[in-house]
Q: 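I have a structure here, written as structure tokens, and I will follow up with some questions on it.
Each chain gets a letter, A, B and so on, in the order its sequence line appears, and its residues count up from 1.
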There are 2 protein chains.
Amino acid sequence: MSTISDMVEKYILNIVKNSEDGIIHIQRTDLSSRFSCVPSQINYVIKTRFTIERGFLVESKRGEGGFLKIIKIPMIQTKIYLDRINQGTANYIGAEQARNFLNRLVEEKILCERERNLIWQLLKDESLPCNKEEKGYQKGKMLKNLIGYIANEEENK
Amino acid sequence: MSTISDMVEKYILNIVKNSEDGIIHIQRTDLSSRFSCVPSQINYVIKTRFTIERGFLVESKRGEGGFLKIIKIPMIQTKIYLDRINQGTANYIGAEQARNFLNRLVEEKILCERERNLIWQLLKDESLPCNKEEKGYQKGKMLKNLIGYIANEEENK
DNA sequence: ATATTTCTGACTATATTTGACCATATAAAA
DNA sequence: TTTTATATGGTCAAATATAGTCAGAAATAT
């Protein structure tokens, strides 16, 4: 009882698994023709299965020579970090919460002070020209991606 | 998976790298025949890859003995550079522009690679859950705050 | 019966490639 | 010296090749 999306997921996972460094390049059109589905279904699979929560980062490029780049990051570490900031609402992060989280990363020597300060310049509310509600989601998203990156870095040591 | 434009870019970069002073003269027609493309594609490569954000200036001359002169901008004093960039930093910043800018700061040794990578996690479009228009202004705002911070880093100590 | 997940397609966004037409510098001819 | 021919490079819009978004239909699970 496997859907097309499940099969596409397995197919991609397999390629990632057989790759040297957990980084692969594939083409959306190739996948969609391989599985006889519309191209946008590949986006659906990416969006629902290759998330930061599941330990993946995805980048892409359009036009001639376009591709999907899928990057595997270790989920366990990601999860630990995600759990730490996810006290309360899942995706919404307040300013205070964000600062506390960064400070904790400094305490744990995951970031140095300068790194924290630089990051804060982008994360602080004054850098986000939108309403309070949106600011919260932006901070959430930004921190999640930061976490994904850091977790990946740890792995590669 | 490399486009013609990518190859032309690499070819030129290599010549620049092997030059004494980072200044080279090449001919548009030579490049286009070498890579079997139309001459205007060389202009495309120049326009998209040899930008000021990436640290290049390009001059040219037409007619008999014409050429493209590609200049790798040498290191400038940190503060002057930041001020110039800050002046030139529009309110609206595209993703490519942002990345080029960060890379430039790394080249100038204003940021180290890790700092750039961390910052990119917050600045990239995937971290900004809003429409394209807003993303541009957010990146502009974030970069300005980042620059402001770096420019005053000494005094803030 | 309703909620959730999956699938589809029309429309959008972006990167690259191509070609027709334009601009300018130098050399040759008048 | 002025005009004309030749040799470069520049611009811009259209064609092509990818990928992304979103809303609604269809299928599946609860």
Q: C:dT16 P sits how many Å from B:Ile46 CD1, rounded?
A: 14 Å
Q: Nearest to the B:Leu68 side chain among C:dG9, C:dT18, D:dG10, which nucleotide is it?
A: D:dG10
Q: If I take atom CD in residue B:Glu126 and atom P in nucleotide D:dT21, what distance separates them, rounded to the nearest angstrom?
A: 9 Å
Q: May I ask you to evaluate whether B:Thr3 reaches the phosphate of C:dA15, defined as a side-chain N or O under 4.0 Å from OP1 or OP2?
A: no
Q: If you measure only the distance, is there a donor-acceptor pair under 3.5 Å linking the side chains of B:Asn103 and B:Arg116?
A: yes
Q: Axis-to-axis angle across the helix from C:dA1-D:dT30 to C:dA30-D:dT1, five pairs an end, to 10 degrees?
A: 10°
Q: Round to a whole Å and report the spacing from CD1 of B:Ile26 to C1' of D:dT8.
A: 14 Å
Q: Looking only at non-hydrogen atoms, find the nearest pair between B:Asp6 and B:Ser2 and report the distance.
A: CB-OG, 3.3 Å
Q: Could you go through nucleotides 22-26 of chain D and list every protein N or O atom that sits under 3.5 Å from one of its N or O atoms, giving the distance for each pair?
A:
none

Q: Run the side chain to side chain contact (heavy atoms under 4.5 Å, CB included) test on A:Leu123 and A:Leu146 for me, step by step, so that the C-alpha distance in whole Å, both residues' side-chain angles and the decisive distance to 0.1 Å come before the verdict.
A: CA-CA 11 Å; A:Leu123 202 62; A:Leu146 182 72; over 6 Å; no
Q: Within less than 4.0 Å of OP1 or OP2 of D:dA17, is there a side-chain N or O belonging to A:Thr29?
A: no
Q: Checking A:Ser40 side chain against A:Asn43 main chain: does a donor-acceptor pair fall under 3.5 Å?
A: no
Q: Look at the side-chain N and O atoms of B:Arg49 and state whether any lies under 4.0 Å from the OP1 or OP2 oxygen of C:dA15.
A: no
Q: Side chain of B:Arg28: nearest nucleotide among D:dT18, D:dG10, C:dT16?
A: D:dG10
Q: Walk me through whether B:Ser5 and B:Gln41 qualify under side chain to side chain donor-acceptor pair (under 3.5 Å).
A: CA-CA 8 Å; B:Ser5 291; B:Gln41 181 153 11; 3.1 Å; yes
Q: Mind calculating the distance between CD (B:Gln97) and C1' (C:dA15) to the nearest angstrom?
A: 17 Å
Q: Heavy-atom nearest nucleotide on DNA chain C for B:Tyr44 versus B:Val38: which residue maps closer to 5'?
A: B:Tyr44
Q: Do you know the tightest heavy-atom contact between B:Ser32 and B:Thr29?
A: OG-O, 3.1 Å
Q: Of all heavy-atom pairs between B:Ile71 and B:Glu59, which one has the smallest distance, and what is that distance?
A: CD1-OE2, 3.8 Å
Q: I'd like a table of atom pairs between the protein and nucleotides 26-30 of chain C - only N or O on both sides, under 3.5 Å - with the distance next to each one.
A:
unit_1	atom_1	unit_2	atom_2	d
C:dT26	OP1	B:Lys61	NZ	2.7

Q: Measure from CD on B:Gln41 to C1' on D:dA17 and round the result to the nearest Å.
A: 13 Å
Q: Using whole Å, report how far CG of B:Asn43 lies from P of C:dC21.
A: 18 Å
Q: Spell out, as yes or no, whether a donor-acceptor pair under 3.5 Å connects the side chain of B:Gln27 to the backbone of B:Gly66.
A: yes
Q: Heavy atoms under 4.0 Å, any strand shown: does B:Phe67 hit a base, just sugar-phosphate, or nothing?
A: sugar-phosphate
Q: Between B:Arg49 and B:Glu96, is there a side-chain N and carboxylate O pair less than 4.0 Å apart?
A: no
Q: Write down the atom of B:Ile12, the atom of B:Leu31, and the distance for their closest heavy-atom approach.
A: CD1-CD1, 4.0 Å
Q: When the distance from CZ of A:Phe35 to C1' of C:dT6 is rounded to whole Å, what number comes out?
A: 15 Å
Q: Checking B:Gln121 against A:Ile147 for the side chain to side chain contact (heavy atoms under 4.5 Å, CB included) test, could you report, in this order, the C-alpha distance in whole Å, the side-chain angles of both residues, the deciding distance, and whether it holds?
A: CA-CA 9 Å; B:Gln121 295 307 314; A:Ile147 289 162; over 6 Å; no
Q: When all nucleic acid strands are considered with a 4.0 Å heavy-atom cut-off, which category describes B:Ile42: base, sugar-phosphate, or nothing?
A: nothing
Q: In whole Å, what is the span from the CD atom of B:Glu9 to the P atom of C:dA15?
A: 14 Å
Q: To check you understand the geometry: which heavy-atom pair defines the closest contact between A:Ile70 and A:Phe50, and what is its length?
A: CG2-CD2, 4.0 Å
